[in-house]
Amino acid sequence: MVPEKRPRTGSDRSGPEHVAIIMDGNGRWAQKRGLPRLWGHKAGLEAVRRIVKIAPQYNIKYLTLYAFSTENWRRPRPEVEGLFALLQEYVNKETPELVRQGVKVRFLGERSDLSNSAVRVMSYCEEQTANCSGLYLNIALNYGGRQDIVQAVRKIASRVEAGELKAADIKAADIEAELFTHGLPDPDLLIRTSGEQRLSNFLLWQLAYTEIYVTPLLWPDFTEEDLQAALSAYRQRERRFGGIINKG
Ligand code: FPP
């Protein structure tokens with residue numbers, strides 16, 4: 001879905017409706033405490049639980065979390081395996097609670113590289129939460145922004161090859177319709193923890209006009225007050241989407 005890209009005036013400081021988060025700093029959080037890195041990911045999961053629970057209270061309708069990137073496979077095998085075991089356990093155990101909270105879960109990313117057990121748990125969670133509409137929780141897992149664009153382009157190229165579409169007629173909406181995020185509005189706000197100021201291959205197409213908020217906090221330390229601070233910073237921003245603000 002292409003969101004309405006309308007300049008926002010000073011009197012129209014609502015939202016954000018869609019918040020995306022790069023949950024960085026789990027490893028450093030653990031290392032600072034002399035703990036194995038996996039403990040940082042466990043603490044990161046607790047922060048996920050907190051944010052999912054409170055997001056609707058702040059009128060957040062869509063929450064998109066970067067859980068595992070296509071580049072995260074480069075990590076040591078025990079960390080990758082431990083992280084997937086944690087993710088699967090969380091998704092499996094948490095599904096009834098997510099249903100209770102009215103959270104609709106969708107996984108974004110390439111599933112063909114994942115284990116059968118991971119894909120099974122992901123499908124189970126999506127099916128169980130399919131009729132929920134309180135919060136739309138998107139979990140980017142084996143997700144890469146460039147890979148997302150490549151897989152979308154391949155599908156469009158096939159349509160061109162099949163004679164269904166002319167190359168000259170391809171529009172942004174055709175590309176959006178094939179992205180893993182099809183049907184979702186673009187994020188209004190991107191939060192990145194741990195102070196790094198980069199996108200790390202997250203939602204490259206979708207973040208074109210997103211406001212970015214970077215906090216030095218490590219993800220496991222991110223609390224409701226920190227979400228409030230991010231939302232309050234967002235409300236101070238003037239979103240112009242390339243236009244100008246008409247103050248008249
Ligand atoms: C970045 O910290 C974090 C990750 C690569 C994993 C994030 C995953 C979770 C918090 C679990 C999420 C689960 C669900 C279900 C959404 P890092 O390891 O890169 O930390 P560092 O930069 O300090 O090393």
Side-chain angles (χ1 to χ4, degrees), residues 3-30 32-33 39-67 87 90 94 97-106 108 129 132-140 181 184-200 202-203 206-241 245:
E4 190 190 5
K5 294 192 173 76
R6 174 174 59 88
R8 226 176 42 157
T9 65
S11 60
D12 174 22
R13 293 197 186 281
S14 59
E17 182 185 45
H18 186 172
V19 175
I21 309 183
I22 302 179
M23 309 177 289
D24 199 8
N26 292 348
R28 274 163 282 171
W29 183 93
K32 265 173 54 179
R33 289 161 176 77
W39 285 52
H41 296 312
K42 271 191 193 163
L45 265 178
E46 288 310 313
V48 168
R49 275 202 185 89
R50 279 199 297 276
I51 296 304
V52 167
K53 205 165 178 182
I54 59 170
Q57 294 165 27
Y58 293 91
N59 296 323
I60 295 168
K61 191 76 194 160
Y62 305 89
L63 181 63
T64 302
L65 304 176
Y66 205 8
L87 279 162
Y90 164 84
E94 199 74 2
E97 176 60 18
L98 292 169
V99 172
R100 204 190 59 75
Q101 291 175 20
V103 178
K104 182 180 171 110
V105 177
R106 171 164 157 191
L108 312 175
T129 62
C132 298
S133 56
L135 172 72
Y136 292 81
L137 173 63
N138 308 299
I139 302 177
T181 50
L184 298 172
D186 290 341
D188 300 298
L189 171 66
L190 171 73
I191 299 173
R192 179 161 190 157
T193 57
S194 98
E196 311 290 352
Q197 302 187 34
R198 52 177 171 265
L199 297 181
S200 298
F202 190 38
L203 302 174
Q206 300 84 342
L207 294 174
Y209 287 100
T210 301
E211 296 295 325
I212 301 178
Y213 177 85
V214 175
T215 167
L217 286 164
L218 304 177
W219 173 247
D221 292 328
F222 194 85
T223 63
E224 180 166 3
E225 287 73 45
D226 305 312
L227 178 67
Q228 286 169 352
L231 299 181
S232 150
Y234 171 85
R235 288 190 204 100
Q236 307 305 315
R237 308 272 178 95
E238 278 189 346
R239 301 191 71 191
R240 295 196 291 268
F241 298 104
I245 299 289

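Quick caveat, the model's predicted, so the values are computed rather than measured. Values below: every heavy atom of this structure, side chains too, minus hydrogens, waters and symmetry copies.
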Which residues satisfy the ring pair (Phe, Tyr, Trp, His ring centres under 6.0 Å) test with [X], sequence neighbours excluded?
| X | result |
| --- | --- |
| Y136 | Y62 |
| H41 | none |
| Y90 | none |

Going by heavy atoms in the side chains, are [X] and [Y] under 4.5 Å from each other?
| X | Y | answer |
| --- | --- | --- |
| L184 | R106 | yes |
| L207 | P187 | yes |
| L63 | N138 | no |
| K104 | L135 | no |
| I22 | L190 | yes |
| R239 | F241 | yes |
| S194 | L218 | yes |
| I139 | V105 | yes |

Item to check | Pair E211 + R237: basic N to acidic O under 4.0 Å | outcome: yes

Do any N or O atoms from the side chain of [X] and from the backbone of [Y] form a donor-acceptor pair under 3.5 angstrom?
| X | Y | answer |
| --- | --- | --- |
| H18 | D188 | no |
| K61 | S133 | yes |
| W219 | T193 | no |

Minimum heavy-atom distance [X]-[Y], with the two atoms named:
| X | Y | value |
| --- | --- | --- |
| L65 | F202 | C-CZ, 4.3 Å |
| Q101 | V52 | OE1-CG1, 3.9 Å |
| E196 | R28 | OE2-NH1, 3.4 Å |

Next on the checklist: With a sphere of 6.0 Å drawn around CD of Q197, does it hold more than 12 non-hydrogen atoms of other residues, nucleotides or ligands?
Outcome noted: no

Pairwise distance [atom1]([X]) to [atom2]([Y]) - rounded to 0.5 angstrom:
| X | Y | atom1 | atom2 | value |
| --- | --- | --- | --- | --- |
| M23 | I51 | CE | CD1 | 10.5 Å |
| T181 | D186 | OG1 | CG | 7.5 Å |
| I212 | L199 | CD1 | CG | 5.0 Å |
| Y66 | I21 | OH | CD1 | 14.5 Å |
| I191 | L217 | CD1 | CG | 11.0 Å |

Next on the checklist: Among residues at least two apart in sequence or on other chains, which ones pass side-chain hydrogen bond (donor to acceptor under 3.5 Å, both in side chains) with Q228?
Outcome noted: Y58

Checklist entry - Quick one: side-chain hydrogen bond (donor to acceptor under 3.5 Å, both in side chains) partners of W29, sequence neighbours excluded? => result D221

Next on the checklist: Run R192 and T215 through side chain to side chain donor-acceptor pair (under 3.5 Å) and show every step you take.
Outcome noted: CA-CA 6 Å; R192 179 161 190 157; T215 167; over 6 Å; no

Checklist entry - Under the side chain to side chain contact (heavy atoms under 4.5 Å, CB included) criterion, do L108 and T64 qualify, and how do the steps go? => result CA-CA 9 Å; L108 312 175; T64 302; 3.9 Å; yes

Next on the checklist: Which residues pass the salt bridge (Lys or Arg N to Asp or Glu O under 4.0 Å) test with R49, not counting sequence neighbours?
Outcome noted: E46, E94

